[in-house]
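Report on one structure; see the data block that follows.
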Amino acid sequence: MDELVTMTYSEAVREALAIAMERDERVFIMGEDVGTYGGAFGVTGDLIHRLGEDRVRDTTISELGIVGLGVGAAMTGMRPIVEIQFSDFTAQAMDQIANQAAKIHFMLGGAVNVPLVIRAPGGSGTGAAAQHSQSLEAWFAHIPGLKVVMPATADDAKGLLLSAIDDPNPVIVIEHKLLYKTSGEVRPGDTRVPIGVAEVRRTGGDLTIVATGVEVSRSLEAAEILAAEGIEATVVDPRTLKPLDTETIIAEVIKTGRVLLVQEAVKTLGFMSEVAAVLSETEAFVHLRAPIKRLAGLDIPIPYAPQLERAAVPQVDDIVAAARTLVQEW
Amino acid sequence: MDELVTMTYSEAVREALAIAMERDERVFIMGEDVGTYGGAFGVTGDLIHRLGEDRVRDTTISELGIVGLGVGAAMTGMRPIVEIQFSDFTAQAMDQIANQAAKIHFMLGGAVNVPLVIRAPGGSGTGAAAQHSQSLEAWFAHIPGLKVVMPATADDAKGLLLSAIDDPNPVIVIEHKLLYKTSGEVRPGDTRVPIGVAEVRRTGGDLTIVATGVEVSRSLEAAEILAAEGIEATVVDPRTLKPLDTETIIAEVIKTGRVLLVQEAVKTLGFMSEVAAVLSETEAFVHLRAPIKRLAGLDIPIPYAPQLERAAVPQVDDIVAAARTLVQEW
Amino acid sequence: MTTPIVQDRDRARESLRTMWRIRRFEEAVEDLYGRGLMHGTMHLSIGQEAVPTAACQALNRDDYITSTHRGHGHCIAKGADLERMMAELLAKETGYCRGRGGSMHIADTETGNLGANGIVAGGVPIAAGAALSAKLRGTGQVALAFHGDGAMGEGAWHEGVVLAAMWQLPVVFLCENNLYGMSMSSERAFNLPQLSDRAKGYGIPGVTVDGNDLQAVYDVTAEAVERARNGGGPTFIEAKTYRWRGHSKSDKNLYRTREEIDEWRLKDPIVRFELETVEAGTLSEADLEAVRDEVRTELRGAVQRANAAPDARPDDLLASVYAEVGA
Amino acid sequence: MTTPIVQDRDRARESLRTMWRIRRFEEAVEDLYGRGLMHGTMHLSIGQEAVPTAACQALNRDDYITSTHRGHGHCIAKGADLERMMAELLAKETGYCRGRGGSMHIADTETGNLGANGIVAGGVPIAAGAALSAKLRGTGQVALAFHGDGAMGEGAWHEGVVLAAMWQLPVVFLCENNLYGMSMSSERAFNLPQLSDRAKGYGIPGVTVDGNDLQAVYDVTAEAVERARNGGGPTFIEAKTYRWRGHSKSDKNLYRTREEIDEWRLKDPIVRFELETVEAGTLSEADLEAVRDEVRTELRGAVQRANAAPDARPDDLLASVYAEVGA
Ligand SMILES: Cc1ncc(C[n+]2csc(CCOP(=O)(O)OP(=O)(O)O)c2C)c(N)n1
Ligand SMILES: Cc1ncc(C[n+]2csc(CCOP(=O)(O)OP(=O)(O)O)c2C)c(N)n1
Ligand SMILES: [Mg+2]
Ligand SMILES: [Mg+2]
């Protein structure tokens, strides 16, 4: 196996885009400011110079239209990748995402596929306030026909995106703004991460933490602090929210009998509600020695002030405290 | 107390609209074909003749614009009620619903209220297929700042709507197409049903069924069949999904120790995922003698063919069977 | 200039056949519906047959169309099979969508029909996307988006046109202005003498045409398609026509008058074209009769075979949501 | 015709004061930002000051505006308090939004400002709704929606204008065309010689004006406001101007040239208006100096007091999401 390369999450996304476009003529990118500007978060960077304007396409500010054109192109032999500048603006495009892209294959009796990839950065932490900081993955995971992935590391950002581009179904990739600048080891070349397979990032016998997105690294950090206190946590990163690898999650929860579910999204009907529901109706249920514990964003819009913004979503300390209570009380 | 009047769910909605408009000059309705046509499902009926074109306003086919105008009118002293012809088309209006209406009060530091009501019929059963049959309440309940109600009876359709119109916050009312023509007893006059209060529609000691929308009457029907077999069910109708009356639900679940959650929406991340999560992390958990059981729509777009459409969502028989298994096996 | 259709025996007959296939198909649907043999809802385009018939003649088989909730005409004109369409409406496994889509979702990729759409204006950006795809693949294909007048109130319509105009995509936006979006008159809705005045705002050509004049619709569409194919970008066409029936089964026609409907029935595009062909000496009364008979027979067979087909099967519903990876 | 602003000592001074308040406010923001004392992102309108300054003079205090992500100028021109604005940006409890909204969400209902908006075109239908409200309440108020050129690609823009045009609402759509929507040039995006050509497609009047010419912006806005107030319906105005700074802090200006920026700096709307007032003999160099000093002092005080205010409090976050019932 080739040597691992250290790069940022954002570079890893860009590398996946370049690899896919170089290998497959049908792949192209479109979105607001993905060209000369290089993307609002610099993700597409210099791709326009490497692959040309035809394949790295700057659009008008028209999210519904962009996704709609993506749907039409995907139905007719192309493999479009659409960037929505902030995942909050998927609200604008929701009809084409949920009523068109997600349903066409089924609704047309299987006659057509819609191999469309939608990349959208989510999450808070940049002081951009309520309309630029949401974690909306639950909206998409609720709609049959969409696949939803949420890479938490650079290698997953690359590998899941490569799998998404090859998938014959619409796949939403929820990237995270705070992760873009973090570095990680990435496998070189056209290396995929399969959609639908969770990753156990750490093992420990006292409790199982299931976390997504930016909360994965926070949970791993928390696990180290807990370890110093003698509490050993397993950390599971589902990576794909839909289709969900329930098998791995259930197995890891059964091993410890205690589960802490950590997400950045607001608590009510966030992704972890589904994980909790799955655990409470499957064989995991009888192995639980403690009630399930969700640690999630407050049910509020993300506030602007930095101290309020931090208070709105789970931080390392919150995870440590919740895990400690769970283990000590049960 | 005045005598109850028997009327259809649809007439009850219309009565609430008329009462609110007659009592409060600020209240008006707008939406596609709500005027002369009387509404796609006949709900607004003759209101345009009783209250005039200014207050019963036919719009162009522009869901995002309609909700947006509602937001602007609500911020400036009016009490708009917006009808979205099928709840599926809230996808078009999602930005104004989730990014504007829901967040403005918080985001502006409390300076402004947005007393907007959005009425939208959801649900399957009319052969209208995948883009006209969804149950999308979970999308709204996931967004802080929105209230979400889902009346299952004519009296609730009237009473919850009257409360919604008086509420200083945006409220989404998910009505049900199949319920429009069903009749029920309705209290006369300006009688409210409070937002945030669940209703226990039946009591029985063997299991607790929590059901929403059209599944409430199906659950009650199922409960009668079960009773004939000697199985007694409590049936709880949350009525308001956000804010949720967790107290009543938890109390009723504790009483029986067995819970069946029934919704029409697709299973994954539907409203009952949240109820399951709440039950699994509160005092209810230790009282559960069986795993939680969700009975939900299949994770598929609603198909056109009648037999497929029926198979896609829980019917009375399915509820009976699930309840029976739950009681017999645990 | 090529021979007018009305003087071209084959094309005239073909045009009539298509219009009759649409009319008879929808009459059959209406009948089945009325007798409780068909489920769901239905949107009939009776009275509007000349528009899709003419427009699709200006397209190649591999050109794309996107269609609407009122899509039977588009589907038939682009070349779909009546039996598979009827089977779909009858919720049969042999239908275009295996009974999962119904009238509002029929598609026929073989003939470039990317699908009816239950969402008003939903197909507009999709057509632009198909045009972008054709441009990127360099195939010379053109896409045509059928849409209603009411669709022009939607953001989706606007955004689709904005992007198509910016990229000068090979797409034609064909508005069937049947004077109403459900109950809202397009005159009241859009505040414009003619809807093609909208085109200027996107820097693209716009034209209004009598939608019940087959030749006129053909001419403007052919010009638009040629422009698109030659890299000249999108065109907007408004074809004025009328739907004789209500919007859908629940329509009580409260928003329009009996007189208006009757007036437009006199402008029947089929009768008009039949008369024109006879006047031009291209077809005889006997020819007309032959076409009608042919279509009636075809349709009867289609309904019978569709009826006899197996009902849509519920067994693999969950497995039908996603295309298989590697497929 | 009333006296031109440039010849009216009070109004000329007031106009200059407003423009300088905007410019100095944003310079202060830029500075605080650069020194790491301010959080989040920022969108500066330096170079565009004449548009809001002139437009808001054409409005009454109780008329409404909706604003954008680039909204400091609109907010100041409509009459907001600099200290409360600065406090908001500094995430203070005394800010307009108690530190919960920041730059992109400042609103000031006292002066009719319904809010900046982080969503491009988000305010357009909201302004139309405020206009509908004014019409229904019969107050004679007018609403004005500030928006960018880029916003015209959004469905929200289209739908807001469609409904406003249909109902002939008292609203003005004022596009600040600063030539770019982030990196996309409006010329490339919209395929139009001037964006006001769009107005015809909605059956409403449209006009293009030099956005750096205070008097010209005032004149067209005043006319549009009068039309709206008198029941004449909406107007679309395109005011051509330029933002000197990048789109936001992350902008490397790769999509435009140094020369272009320099050229527009020469068209500084403040310098231009100062020169005009001096040439007209309305204000002296000393008067100009006095205005500048006044604003500098005001701003220094606002920043100091804002800085000294208590930070936004996290204690009642959950209780702040919903307005209390009965309130
Ligand atoms: C987004 C959306 N909004 C509303 C509807 C309901 N609806 C279906 S057809 C229709 C009228 C469409 O009018 P037009 O575009 O003129 O087409 P026509 O029915 O006249 O063929 C409406 C309001 C819908 N299907 N989709
Ligand atoms: C719906 C939506 N899409 C994209 C963005 C990201 N964004 C913020 S401002 C902007 C450019 C807006 O351009 P324009 O309307 O011309 O205003 P300007 O920035 O020039 O003042 C973009 C793309 C957004 N905030 N909202
Ligand atoms: Mg129409
Ligand atoms: Mg701009």
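No hydrogens, no waters, no symmetry mates; every other heavy atom, side chains included, goes into these values. Sequence lines set the chain letters: A, B, ... in the order given, protein chains first and strands last, and positions in each chain run from 1.
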>> So if I apply the side-chain contact (heavy atoms from CB on, under 4.5 Å) rule between D/Tyr322 and each of B/Asn113, B/Asn169, B/Asp167, which one comes out positive?
In response: B/Asn169
> Side chain, backbone, both or neither: which part of B/Asn99 has a heavy atom under 4.5 Å from chain D?
Replying inline: side chain
> When rounded to the nearest 0.5 angstrom, what distance separates OG1 in B/Thr60 from CD in D/Glu159?
Replying inline: 7.0 Å
>> One pair to check against side-chain contact (heavy atoms from CB on, under 4.5 Å): B/Arg57 and D/Leu132. What are the steps and the verdict?
In response: CA-CA 11 Å; B/Arg57 305 182 72 89; D/Leu132 171 60; 3.5 Å; yes
>> Shorter than 4.5 Å, heavy atoms on both sides: which option in B/Leu64, B/Asp54, B/Val114 has the most such pairs with chain D?
In response: B/Leu64
> Within the side chain of B/Gln96, is there an N or O that forms a donor-acceptor pair under 3.5 Å with the backbone of D/Gly122?
Replying inline: yes
>> If you count heavy-atom pairs within less than 4.5 Å of chain B, which of D/Ala130, D/Ala127, D/Gly101 leads?
In response: D/Ala130
>> At a heavy-atom distance under 4.5 Å, which candidate from D/Ile119, D/Val124, D/Val161, D/Thr139 has the highest pair count against chain B?
In response: D/Ile119
> For B/Leu146, is it the side chain, the backbone, both, or neither that has a heavy atom closer than 4.5 Å to a heavy atom of chain D?
Replying inline: backbone
>> Looking at every heavy atom in both B/Thr59 and D/Trp167, which two are closest together, and how far apart are they?
In response: CG2-CH2, 3.7 Å
>> Can you tell me which of B/Pro115, B/Pro144, B/Pro243, B/Ala111 forms the most heavy-atom pairs within a distance under 4.5 Å of chain D?
In response: B/Pro144
> Where do B/Gln100 and D/Asn117 land on the side-chain contact (heavy atoms from CB on, under 4.5 Å) test, with the steps shown first?
Replying inline: CA-CA 9 Å; B/Gln100 312 290 347; D/Asn117 208 308; 2.8 Å; yes
>> If you count heavy-atom pairs within less than 4.5 Å of chain B, which of D/Thr66, D/Asp108, D/Leu136, D/Thr109 leads?
In response: D/Leu136
>> Side chains of B/Pro168 and D/Val325, heavy atoms from C-beta outward: is any pair under 4.5 Å?
In response: yes
>> If you compare all heavy atoms of B/Leu69 against all heavy atoms of D/Ala128, which two are closest, and at what distance to 0.1 Å?
In response: CD1-CB, 3.5 Å
> Where on D/Leu317 is there a heavy atom nearer than 4.5 Å to chain B: the side chain, the backbone, both, or neither?
Replying inline: both
> When heavy-atom pairs shorter than 4.5 Å are enumerated against chain D, which of B/Ile195, B/Leu108, B/Val71 gives the highest number?
Replying inline: B/Leu108
> Side chain, backbone, both or neither: which part of B/Glu63 has an atom under 4.5 Å from a heavy atom of chain D?
Replying inline: backbone
>> I'd like to know if the side chain of B/Arg26 and the backbone of D/Arg137 have a donor-acceptor N/O pair within less than 3.5 Å.
In response: no
> So which part of D/Val162 gets closer than 4.5 Å to some heavy atom of chain B, the side chain, the backbone, both or neither?
Replying inline: side chain
>> What part of B/Lys147 gets within 4.5 angstrom of chain D, counting heavy atoms only: side chain, backbone, both, or neither?
In response: both
> What option among B/His105, B/Met30, B/Arg55 has the most heavy-atom pairs under 4.5 Å with chain D?
Replying inline: B/His105
>> So which atom in B/Gly65 and which in D/Pro125 form the shortest heavy-atom distance, rounded to 0.1 Å?
In response: O-CB, 4.1 Å
> Under 3.5 Å, is there a donor-acceptor pair between the side chain of D/Ser133 and the main chain of B/Met78?
Replying inline: no
